[in-house]
Enquirer: 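Dropping the structure in here first, questions after.
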Amino acid sequence: INFDVETPTLLPPTKGSYLQNDEIKGLVLRFLQQYFTCYDGEDRQGLLNVYHDEACCSLCIPYFQGQNPSRSSLGEYFKDCRNLKKLKDPSIRHKLLKHKRLNIVGFLNELPRTQHDLNSFVVDITAASNTQLCFVVNGIFKEVEGPSRDPVRAFSRVFIAVPSNDGGMLLVNDGIFIRNATTEEIRKAFATPAPTPSSSPVPVMAS
Amino acid sequence: MASSDFRMDVDLACRAAEEFVTLYYETIDKRRRQLIKLYMDTATLVWNGNAISGQAPLIEFFEMLPSSEFQVNMFDCQPVHEQATQGQKTVLVVAHGTVKFEGNKQHYFNQNFLLTLHATPSNSVWKIASDCFRFQDWAM
């Protein structure tokens with residue numbers, strides 16, 4: 001006896017970057033290239049030019065039940081982690097939300113020095129209008145100095161930008177998420193891309 | 001923006017985000033058919049790189065998505081600057097956790113929402129303007 005009430009188990013296939021159209025794609029990819037070149041440099045002060053005066057920024061790392069995050073390998077990020085599921089005190093919630101350009105760049109400058117793998121970037125543009133652009137960047141970076149030896153991390157950052165007077169864009173919101181990279185991600189990261197036939201997947205930042 | 005206004009915006013964002021995260025993941029797990037009510041008519045979802053826009057395509061998408069068990073381990077939020085939203089109250093919500101879709105292995109996921117506040121004659125409701133979902137182990 002059969003009844004036709006089978007529940008779906010097939011997930012839609014996972015795809016690469018969603019970039020809406022060539023114009024927005026060009027704008028966002030150029031911005032990311034410039035942003036992370038500066039972010040990976042000796043001094044992140046140059047980022048003062050890309051944040052709005054009243055911008056917000058906060059950082060999170062994953063939380064696992066029963067684990068003490070301050071002792072995990074992401075420990076250096078723990079003091080800045082704004083996990084609202086755990087932090088109920090309004091004054092701490094305010095403190096961990098970096099507000100205003102100077103505070104944000106000051107905060108970013110305290111984070112470990114990095115090298116981002118632009119070829120690993122997967123970018124989703126989720127909202128685009130004349131007044132705002134919202135996009136999410138997933139990718140891999142390594143820390144190039146610090147207590148542990150070049151740890152490889154994965155990150156996800158959500159940026160909201162408004163048009164600036166000079167025709168570029170200014171960030172008004174920046175949400176940073178950092179986790180440890182998986183073994184597979186570490187294996188693939190920073191691999192020098194060999195010349196590939198055009199049929200193979202082209203990394204988003206390679207163009 | 002005066003700093004007291006900013007504090008109020010942050011408090012409002014936190015309250016909205018807290019209630020939203022609980023409601024959203026309960027609804028997608030247990031009352032999937034109601035989920036569409038949380039989205040604006042013009043909302044966009046980018047789900048692991050697949051873009052879905054508008055009410056009917058979203059309803060169809062959620063119908064064919066296998067049933068889910070979400071566990072949120074972390075969430076954060078920020079008030080979105082009014083210059084980006086033309087004055088409409090907007091909150092950015094970021095969530096991270098695990099999800100098990102029926103018939104599939106468990107994944108870590110990240111999800112980013114933009115919520116906007118809509119006033120009606122009797123009350124105001126928050127709705128999802130955009131939603132971006134990605135597995136965090138998708139490259140494996």
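Naming: A, B, ... by sequence-line order, numbering from 1 per chain. Hydrogens, waters and symmetry mates play no part in the numbers below; they use all other heavy atoms, side chains included.
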Enquirer: A/C134 versus chain B, heavy atoms under 4.5 Å apart: side chain, backbone, both or neither?
Expert: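 Answer is side chain: those atoms of A/C134 sit under 4.5 Å from chain B.
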Enquirer: Between A/I61 and A/F177, what is the shortest heavy-atom contact and its length?
Expert: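 Answer, listing the atom of A/I61 first, then A/F177: C-CE1, 4.0 Å.
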Enquirer: Under 6.0 Å from the CD atom of B/Q55, do we count more than 12 heavy atoms belonging to anything else shown?
Expert: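 Above 12, so yes.
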Enquirer: Where on A/R179 is there a heavy atom nearer than 4.5 Å to chain B: the side chain, the backbone, both, or neither?
Expert: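 The side chain, not the backbone.
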Enquirer: Is there a donor-acceptor pair closer than 3.5 Å between any side-chain N or O of B/Q78 and the backbone N or O of A/D174?
Expert: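 Yes; judged by distance alone, with no hydrogens or angles, the pair exists.
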Enquirer: Using non-hydrogen atoms only, which part of B/V80 is less than 4.5 Å away from chain A: side chain, backbone, both, or neither?
Expert: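 Its backbone and side chain both get close to chain A.
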Enquirer: Can you list everything that forms a side-chain hydrogen bond (donor to acceptor under 3.5 Å, both in side chains) with A/K142? Sequence neighbours excluded, please.
Expert: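 Once residues adjacent in sequence are excluded, A/K142 has no partner under the side-chain hydrogen bond (donor to acceptor under 3.5 Å, both in side chains) criterion.
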Enquirer: How long is the span from the CZ atom in A/R82 to the SG atom in B/C77, to the nearest 0.5 Å?
Expert: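 So the gap between those two atoms works out to 5.5 Å.
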Enquirer: Between the main-chain N or O of A/V123 and the side-chain N or O of A/S17, is there a donor-acceptor pair closer than 3.5 Å?
Expert: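 Flag set: sc A/S17 to bb A/V123 pair under 3.5 Å.
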Enquirer: Let me know if B/L92 has heavy atoms under 4.5 Å from chain A in its side chain, its backbone, both or neither.
Expert: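 For B/L92, the contact with chain A is made by the side chain alone.
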Enquirer: What is the minimum heavy-atom distance between B/L117 and B/Q88, and which atoms define it?
Expert: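 Heavy atoms only, the tightest pair is O-NE2, 3.3 Å.
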Enquirer: Could you check whether atom NZ of A/K88 has more than 12 heavy atoms from other residues, nucleotides or ligands sitting under 6.0 Å from it?
Expert: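 Result for NZ/A/K88: enclosed.
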Enquirer: Does A/Y39 have A/R44 sitting over its ring (NZ/CZ under 6.0 Å from centre, angle to axis within 45°)?
Expert: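 A/R44 over A/Y39 ring: yes.
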Enquirer: Only heavy atoms, only distances under 4.5 angstrom. Which residues in residues 163-173 of chain A are near chain B?
Expert: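 So the qualifying residues are A/P163, A/V172, A/N173.
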Enquirer: Below 4.5 Å from any heavy atom of chain A, which atoms of B/L114 appear? Answer side chain, backbone, both or neither.
Expert: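 Contact with chain A is through the side chain of B/L114 alone.
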Enquirer: Taking side chain as everything from C-beta outward and backbone as N, CA, C, O, which of these in A/C57 sits under 4.5 Å from a heavy atom of chain B? Side chain, backbone, both or neither.
Expert: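 Backbone only.
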Enquirer: Is there a side chain to side chain contact (heavy atoms under 4.5 Å, CB included) between A/L108 and A/L47 once you walk through the steps?
Expert: CA-CA 9 Å; A/L108 295 177; A/L47 295 176; 4.0 Å; yes
Enquirer: Should the ring pair A/F36 and A/F121 be called parallel, tilted or perpendicular, given that the plane angle runs from 0 to 90° and is split at 30 and 60?
Expert: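 Geometry flag for A/F121 against A/F36: perpendicular rings.
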Enquirer: Quick one: what part of A/L96 sits under 4.5 Å from any heavy atom of chain B, side chain, backbone, both or neither?
Expert: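 Neither part; nothing is under 4.5 Å.
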Enquirer: Counting heavy-atom pairs under 4.5 Å to chain B, which of A/C60, A/G175, A/P90, A/A127 comes out on top?
Expert: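 Counting heavy-atom pairs under 4.5 Å, the top option is A/C60.
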Enquirer: What heavy-atom pair brings A/L133 and A/A128 nearest, and what distance separates the two atoms?
Expert: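 A/L133 and A/A128 have their closest heavy atoms at CD1-CB, 3.5 Å.
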Enquirer: Could you check whether any side-chain N or O of B/D29 sits under 3.5 Å from a backbone N or O of B/F70, counting only pairs where one atom can act as donor and the other as acceptor?
Expert: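 Present.
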Enquirer: Applying ring pair (Phe, Tyr, Trp, His ring centres under 6.0 Å), run through B/F135 and B/W47 and close with a yes or a no.
Expert: CA-CA 9 Å; B/F135 289 151; B/W47 197 92; 5.7 Å; yes
Enquirer: Among residues at least two apart in sequence or on other chains, which ones pass ring-ring contact (aromatic ring centres under 6.0 Å, His included) with A/Y18?
Expert: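 Testing A/Y18 for ring-ring contact (aromatic ring centres under 6.0 Å, His included), a comparison that skips the adjacent residues, returns none.
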Enquirer: What part of B/F101 is in contact with chain A, defined as an atom under 4.5 angstrom from a non-hydrogen atom: side chain, backbone, both or neither?
Expert: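 For B/F101, the contact with chain A is made by the side chain alone.
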Enquirer: Checking heavy atoms, do the side chain of B/D76, its backbone, both or neither come under 4.5 Å from chain A?
Expert: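 When you check distances to chain A, atoms from both the backbone and side chain of B/D76 fall under 4.5 Å.
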Enquirer: Under a 4.5 Å heavy-atom cutoff, which of B/A129, B/G49, B/S130, B/A51 has the most pairs with chain A?
Expert: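 The residue among B/A129, B/G49, B/S130, B/A51 with the greatest pair count is B/G49.
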Enquirer: Taking all non-hydrogen atoms of both residues into account, name the closest pair between A/T182 and A/E185 and its distance.
Expert: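 The pair with the smallest heavy-atom distance is N-OE1, 2.8 Å.
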Enquirer: With chain A as the partner chain, list the residues of residues 10-24 of chain B whose heavy atoms fall under 4.5 Å from it, by residue number, and write 'none' if nothing qualifies.
Expert: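 When heavy atoms of chain A are the reference, residues 10-24 of chain B contributes B/V10, B/D11, B/C14, B/E18 within the under-4.5 Å range.
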Enquirer: Counting only non-hydrogen atoms closer than 4.5 Å, does A/L87 touch chain B with its backbone (N, CA, C, O), its side chain (CB onward), both, or neither?
Expert: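 When you check distances to chain B, no heavy atom of A/L87 falls under 4.5 Å.
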Enquirer: Name the member of B/S67, B/P79, B/A95 that forms the most heavy-atom pairs with chain A at distances under 4.5 Å.
Expert: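 Looking at each option in turn, the highest pair count goes to B/P79.
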Enquirer: Flag the one option from A/H94, A/K85, A/Q20, A/H52 with the top tally of heavy-atom pairs under 4.5 Å to chain B.
Expert: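 Of A/H94, A/K85, A/Q20, A/H52, A/H94 has the most heavy-atom pairs under 4.5 Å with chain B.
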